[in-house]
Structures are given as C-alpha cells and as structure tokens.
Amino acid sequence: MDNINTYIGKKIKNYRKMKRLTLQQLADTIHKSKATVSKYENGEITIDIETLYEISIALDVNLNQLTDYNPNTHLEEPTKIVEYGGESLFFKTNRLYFYFYDGRYNRLKEAVIDIHKDIVNDDGSCDAVLTISSTTLTGRKSEVYYTGNVLYSDMLIRFSFVNQYNKLEQDLLYIFNPLDLKDFTEGLLCGISSLDLMPCAFKCLVTLVPSTDYEELKQHLILTPKELKKWQKMNMLMVNNNS
C-alpha cells in the first residue's frame with residue numbers, strides 16, 4: 001500500500017508542478033489543508049477515490065493518469081536507462097531545450113522538456129512534460145502544455161506527447177543520441193497542427209542549455225534547397241545527424 005501511495009503522490013506532484021500550482025492553490029481547489037495535500041504527495045496518506053477524482057479535475061488530467069500503478073513499477077532513479085547512452089548527457093539530464101521554426105508564422109518556437117526520472121513506467125519510459133512558448137504578433141507570450149513520456153535507446157530518444165487542451169493533438173519527437181559529447185542534437189517532430197488539424201512535421205533542434213542566438217537557430221532550422229532535393233529524391237522526409 002505504501003508503494004501505491006508513493007506512486008500516486010509523485011504523480012500528483014508532477015502534474016501540479018506542470019500546471020504551475022502551489023500546494024496551497026491545489027489545497028484550496030479541493031478544499032483540503034496545505035499540510036494534507038503535502039502528505040498526499042509524500043505518500044503518507046491513502047487518498048479516497050472521491051478526493052482523487054477532485055484532484056484529477058483540478059490538475060486537468062484523467063483519473064487513470066494518477067492511478068496507473070503496477071507492482072513492477074520502480075520508483076528509484078532509473079539508472080538502467082542511462083546505461084544505454086554511456087556518457088551521453090542527453091540520457092542524464094532532467095531538462096532539455098527544444099526549438100523549431102514555424103514557417104506559417106515566420107517565427108521561431110522554443111520549448112522546455114522536463115523529464116521526471118523518479119518514476120519508471122512498465123515499458124521503461126519516464127514521464128515528461130513539454131512546454132512550448134511563442135510570442136504572438138501583439139507581443140504577448142503564449143504557452144501550450146503537453147504531457148507524455150520519453151523512451152531511451154542507444155541511438156535514438158523518443159518522446160510521445162499529448163496536448164493537455166486538445167487530446168486529438170498527439171506529437172511524436174525523435175532525436176538522435178549524440179555519440180560524441182555535443183550539447184545539441186537534431187530530430188524530427190511529427191504530429192497534427194492544432195490550427196488546421198492537418199498532419200505536419202518539423203525539423204528541430206534539442207539542446208542541453210538554452211540558446212539566445214535566435215538568428216543562428218533560425219538558419220539552422222530552415223530547410224535548405226539541398227535537403228529539399230534529397231527528400232524529393234527519396235520521397236520521404238528525413239533528418240540525419242551529420243551536422
């Protein structure tokens with residue numbers, strides 16, 4: 001029972017942080033004390049189903065996202081996953097920075113990927129949260145949240161995300177695991193455009209540290225005539241890791 005409580009508590013804490021809610025804000029929403037919610041997150045109290053449902057509503061997640069416990073789920077740091085990547089820092093970090101260029105708006109879009117390695121799912125993946133930020137034409141900053149998971153292999157890292165405000169929009173991100181000690185890597189983001197509900201794909205860049213040189217990022221991400229010619233010849237969209 002303690003393991004179940006700990007598992008659910010960690011899930012609640014992760015989703016609360018993703019929603020940028022404080023303990024007090026969540027406590028006020030479900031009409032509990034801050035101390036009680038803290039004990040929920042630490043696995044010190046078994047949560048009744050009615051309260052758990054109220055928490056799922058407050059965090060805007062499905063109830064099964066909090067209760068998908070399996071006795072074989074490991075709560076410790078998933079060092080077995082890191083072993084695939086050897087010394088690759090992309091396997092060890094808990095935060096990545098993500099960039100792609102949206103030609104529809106002529107804007108660079110940036111995002112942060114937070115990886116929660118405290119819980120390993122049955123398939124060996126870890127929970128992950130993607131926050132995409134962009135500046136509108138009026139100068140306002142907007143953010144879109146996605147939740148999902150990350151799965152590691154020796155050559156590739158796969159992220160699978162679902163838009164928290166539009167469940168139809170599910171994005172798949174594959175990036176290369178650098179074999180050398182680079183602080184960036186390329187990849188391909190595939191999904192559905194939330195604007196027109198059409199399939200789309202973007203060349204993307206994922207880094208270990210944030211970048212402020214937006215013009216250099218833009219030039220790196222804009223598709224070149226050489227790339228377009230290669231894709232036309234193969235009749236497929238593909239990004240390699242030669243750069």
Side-chain angles (χ1 to χ4, degrees), residues 1-30 32-49 51-82 90-98 111-133 143-152 157-167 169-173 206 208:
M1 182 62 72
D2 288 344
N3 284 342
I4 298 176
N5 292 340
T6 302
Y7 180 88
I8 293 175
K10 287 182 178 292
K11 285 276 192 173
I12 292 172
K13 185 175 183 179
N14 287 344
Y15 286 121
R16 175 178 63 78
K17 287 186 174 182
M18 184 272 290
K19 294 286 289 184
R20 288 173 165 77
L21 293 176
T22 64
L23 273 172
Q24 188 62 61
Q25 288 171 326
L26 178 56
D28 291 343
T29 302
I30 65 173
K32 301 288 185 181
S33 69
K34 178 181 176 181
T36 297
V37 175
S38 178
K39 289 181 179 179
Y40 288 160
E41 292 189 351
N42 291 328
E44 299 174 23
I45 299 178
T46 300
I47 311 174
D48 62 88
I49 189 62
T51 300
L52 198 56
Y53 178 74
E54 292 177 355
I55 291 174
S56 71
I57 296 298
L59 298 178
D60 193 27
V61 297
N62 294 325
L63 187 60
N64 62 2
Q65 288 178 262
L66 301 176
T67 59
D68 58 343
Y69 175 78
N70 184 290
N72 295 322
T73 299
H74 300 289
L75 295 169
E76 64 272 7
E77 188 76 13
T79 53
K80 59 175 183 168
I81 293 180
V82 176
F90 282 82
F91 279 75
K92 299 179 180 180
T93 184
N94 291 319
R95 169 165 286 192
L96 291 167
Y97 300 89
F98 169 68
V112 173
I113 302 175
D114 287 310
I115 303 167
H116 301 292
K117 293 185 176 179
D118 52 346
I119 297 177
V120 183
N121 301 312
D122 290 343
D123 61 355
S125 66
C126 299
D127 288 356
V129 175
L130 171 69
T131 306
I132 297 181
S133 302
E143 293 186 333
V144 183
Y145 300 100
Y146 298 76
T147 58
N149 58 69
V150 54
L151 188 63
Y152 299 90
I157 304 173
R158 187 208 71 191
F159 293 89
S160 179
F161 293 111
V162 177
N163 188 323
Q164 285 299 285
Y165 301 105
N166 179 8
K167 303 300 183 183
E169 185 184 349
Q170 300 187 20
D171 294 334
L172 190 64
L173 168 63
V206 178
L208 294 171

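What you see is a predicted model; the values in this text were computed from it and never measured.
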- If every non-hydrogen atom of Gly124 is compared with every non-hydrogen atom of Leu151, which pair is closest and at what distance? C-CD1, 3.8 Å
- Hey, are Asn5 and Thr46 close enough side-chain-wise for a donor-acceptor pair under 3.5 Å? yes
- Item | Check: Ile12 and Leu66 side chains under 4.5 Å, non-hydrogen atoms | yes
- Query: Where do Ile30 and Glu54 come nearest, in terms of heavy atoms and distance?
  - Reply: O-OE1, 3.7 Å
- Item | Heavy-atom closest contact (Cys126 atom, Asn121 atom, distance) | C-ND2, 4.0 Å
- Item | Option passing side-chain contact (heavy atoms from CB on, under 4.5 Å) with Phe159 (candidates Leu173, Val206, Asp171) | Leu173
- Does the side chain of Asp114 come under 3.5 Å of the side chain of Asn94 through a donor N or O and an acceptor N or O? no
- Query: Which atom pair, heavy atoms only, marks the closest approach of Leu21 to Ala58?
  - Reply: CD1-O, 4.2 Å
- Task: Please state whether the rings of Phe161 and Tyr146 are parallel, tilted or perpendicular, taking 30° and 60° as the class boundaries.
- Result: perpendicular
- The side chain to side chain donor-acceptor pair (under 3.5 Å) partner of Asp127 among His116, Lys117, Lys11, Lys10 is Lys11
- Query: Is it true that Arg16 and Glu41 have a side-chain N and a carboxylate O under 4.0 angstrom from each other?
  - Reply: yes
- Any luck finding a side-chain donor-acceptor pair between Gln164 and Thr147 under 3.5 Å? yes
- Query: If you take all heavy atoms of Ala111 and Leu130, which pair is closest and at what distance?
  - Reply: CB-CD1, 3.6 Å
